[in-house]
Amino acid sequence: MNSTHVVAEAGAAAERAAHGAGVSVRELHEPEEILAACRLLDRVWQPDPGNPLITPELMRVFAHSGSYVVGVHLDGRMAGVCLGFLASTGLHSHIAGVDGDARGRDIGYTVKLHQRAWALERDITTVTWTFDPLISRNAYFNLAKLGAVPSEYLTDFYGTMHDAVNAGTETDRLLVRWELTGEAAARAAAGAPRVVTADSPGARTVVGLDAKPDGRPAVGRRDGDTVLVRVPAQMETLRRTDPDVAREWRYALREVLGGLMEQGHAVTGFTRDGWYVIDKRQETRE
C-alpha cells in the first residue's frame, strides 16, 4: 500500500468517525478560540488557579508553529480539545479534554483518528502519549481500541499535581507509541480492536498481580512465559473512597508492571476484563 493511499484511507476513517460521533474536528488558531480551548481544559481538569495546565499564549504558539491544536465542535460549540507538539519521535499528544455532557459519543476515538490523519499528511508516522496505567478504561482504549504499544513505565512522572484528577496520588505513567502505518493502527481505524488472550501454544501463564477478596492488591508470580497483571475497574472511585488502598495499588503495579517492563519484557495488550498481558519472550519496543 503506497503512502498516498495510506493518507487517503486515514482521512476517510477520520471523517467516518467524526460523522458517527456527530462532531467536527478542526485546528484552532484565533485568540478567541484558543482562550475557549484553555477554559474547557480547566473545566475538565480543574487545576489549581495558580498553576494552569497551559496558558492561551503558549497554546497559540504551539498552533502557530505547526503543532497539533484542535477543537471538537458539537452543535455549534466547542466540546473537546486536544494538544500535541512536535517531538523527536514524531508527535507527542500531551493533553485532551471533553466536556462532561459530551462524553460517551466516541469523541476520544474521533480525535485520535483525526490526529492520525493529520500526522500522516505531514509524513509523521509515530505518535506518543502517556496515561495512568491504573485507569482500566484508558488502558483498554489505548492498547486495545487504538493498538498503541507501551514502551516505558515512568515512575511519578509529573511529580505532585494539584488538579482534581491527579491530586493525592503519585503520577506514574505508561508511555505508549502508536505506529500510524502499522497493522494495529490500520485495524483500529477500521473499528477492529486488538484482542489479546492470556494463552498461546506452549506458554506458561502466571498471575503477577490480582485483587484479594477485600479489594487490596495481591502480588503473585512472575516466573511464567506470560504474566497477567490486574488493575481495579473503578480506580478513580477508589481514590476518593479509600485512598490508602488506592496507594497500595499504585505501589504494587509499579513493582510488578514497572519491574517487568524495566527488565525489557513486552506488554502485548490489555483485556476487556482488566488485565495487562506481558509476554516475557518478547522485548519492549523502544
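Starting from 1, each residue takes its place in the sequence as its number. Reckoned from all heavy atoms, side chains included, excluding hydrogens, waters and symmetry mates.
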Within the distance-only criterion (no hydrogens, no angle test), does the side chain of [X] pair as donor or acceptor with the backbone N or O of [Y] below 3.5 angstrom?
| X | Y | result |
| --- | --- | --- |
| Arg230 | Ala211 | no |
| Gln46 | Asp42 | no |
| Gln263 | Leu260 | no |
| Tyr276 | Thr271 | no |
| Asp99 | Asp101 | no |
| Trp249 | Leu238 | no |

So for atom [atom1], which belongs to [X], do other residues, nucleotides or ligands contribute more than 12 heavy atoms lying within a distance under 6.0 Å?
| X | atom1 | result |
| --- | --- | --- |
| His29 | NE2 | yes |
| Glu262 | CD | no |
| Arg187 | CZ | no |
| Arg43 | CZ | yes |
| Glu248 | CD | yes |
| Asp75 | CG | no |
| Arg122 | CZ | yes |

- Task: Using a strict 4.0 Å threshold on nitrogen-to-oxygen distance, state whether Glu179 and Arg177 make a salt bridge.
- Result: yes
- Task: Decide, yes or no, whether a salt bridge links Asp132 with Arg239 under the criterion of side-chain N to carboxylate O below 4.0 Å.
- Result: yes
- Item | Criterion salt bridge (charged side-chain N to carboxylate O under 4.0 Å, His left out) on Arg137 and Glu236, from CA distance to verdict | CA-CA 11 Å; Arg137 58 183 171 80; Glu236 291 153 308; 2.6 Å; yes
- Residues Gln115 and Ser93: side-chain donor-acceptor under 3.5 angstrom: yes
- Message: Checking Thr171 against Asp156: is there a side-chain donor and acceptor pair closer than 3.5 Å?
- Response: yes
In chain order, what residues pass the ring pair (Phe, Tyr, Trp, His ring centres under 6.0 Å) check against [X], with sequence neighbours excluded?
| X | value |
| --- | --- |
| Trp178 | Trp129 |
| Phe62 | Phe85 |
| Trp118 | Tyr68 |

- Item | Derivation and outcome, salt bridge (charged side-chain N to carboxylate O under 4.0 Å, His left out), residues Lys145 and Asp106 | CA-CA 11 Å; Lys145 190 162 185 176; Asp106 264 349; 3.1 Å; yes
- Query: Does NZ or CZ of Arg173 fall inside the cone over Tyr158's six-membered ring, less than 6.0 Å from its centre and within 45° of the axis?
  - Reply: no
- Evaluate salt bridge (charged side-chain N to carboxylate O under 4.0 Å, His left out) for Asp225 paired with Lys280, printing each intermediate quantity in order. CA-CA 5 Å; Asp225 295 329; Lys280 291 178 65 178; over 6 Å; no
- Message: Minimum heavy-atom separation for Pro150 and Leu143, please, with both atom names.
- Response: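 Scanning both residues, the minimum pair turns out to be CG-CD2, 3.7 Å.
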